[in-house]
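Each remark here refers to the structure printed beneath this line.
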Amino acid sequence: MKLNDKFLIHDTGSGEILVPVGEESKSFHGIIKLNETGSVIVHLLEKDDLSLQEILEYFYEHYECDESIKGDIELFINKLKEVNAIEY
């Protein structure tokens, strides 16, 4: 999966948000406020086409976390899928 190029990551100065642009803004009327984990995920998906397992491995290698983070990451990715922010 990869971040849909119809969504931009914007730094507001107090955090990052994901914003639909162009035609996508006609079907999704909102923004997604990103916490630190969400920000890492969207930046990873912006650069590479990654599987859920590859994202999890990145977190296991770079952060002090265990397999309990999997549910939170899956939940966030499902939210991104719901608003068409992820392409396959």
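The structure presented is a predicted model; accordingly, all values stated were derived computationally and were not measured.
- For the pair E54/D48, no side-chain contact is recorded, criterion being any heavy-atom separation below 4.5 Å from C-beta on.
- Between L18 and V83 the shortest side-chain heavy-atom distance does not fall below 4.5 Å.
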Side-chain donor-acceptor pairs under 3.5 Å in residues 28-39, sequence neighbours left out?
{"from": "H29", "atom 1": "ND1", "to": "S25", "atom 2": "O", "distance (Å)": "3.3"}
{"from": "H29", "atom 1": "NE2", "to": "K26", "atom 2": "O", "distance (Å)": "2.9"}
{"from": "N35", "atom 1": "OD1", "to": "T37", "atom 2": "N", "distance (Å)": "3.2"}
{"from": "N35", "atom 1": "OD1", "to": "G38", "atom 2": "N", "distance (Å)": "2.7"}
{"from": "S39", "atom 1": "OG", "to": "E16", "atom 2": "OE1", "distance (Å)": "2.2"}

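- Looking at D49, L8, L44, I9 one by one, the single match for side-chain contact (heavy atoms from CB on, under 4.5 Å) with L3 turns out to be I9.
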Identify every side-chain donor-acceptor pair in residues 59-66 under 3.5 Å, counting partners at least two apart or on other chains, and give the distances.
{"from": "H62", "atom 1": "ND1", "to": "Y58", "atom 2": "O", "distance (Å)": "2.9"}
{"from": "D66", "atom 1": "OD1", "to": "S68", "atom 2": "N", "distance (Å)": "2.9"}
{"from": "D66", "atom 1": "OD1", "to": "S68", "atom 2": "OG", "distance (Å)": "2.4"}

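- K2 places none of its side-chain heavy atoms less than 4.5 Å from the side chain of I86.
- Rounding to the nearest 0.5 angstrom, the gap separating the CD atom in E23 from the CG atom in N84 is 12.5 Å.
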*Could you go step by step and tell me if L50 and M1 meet the side-chain contact (heavy atoms from CB on, under 4.5 Å) rule?*
CA-CA 5 Å; L50 301 172; M1 64 194 137; 5.6 Å; no
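- With hydrogens and angles disregarded, no donor-acceptor distance shorter than 3.5 Å links the side chain of N4 to the backbone of E87.
- Counting only distance, with no hydrogens or angles, the side chain of N78 and the backbone of E74 share a donor-acceptor pair below 3.5 Å.
- Distance check: L80 CG to I41 CD1 gives 7.5 Å after rounding to the nearest 0.5 Å.
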*Could you walk me through whether F7 and V21 pass side-chain contact (heavy atoms from CB on, under 4.5 Å), step by step?*
CA-CA 6 Å; F7 281 79; V21 294; over 6 Å; no
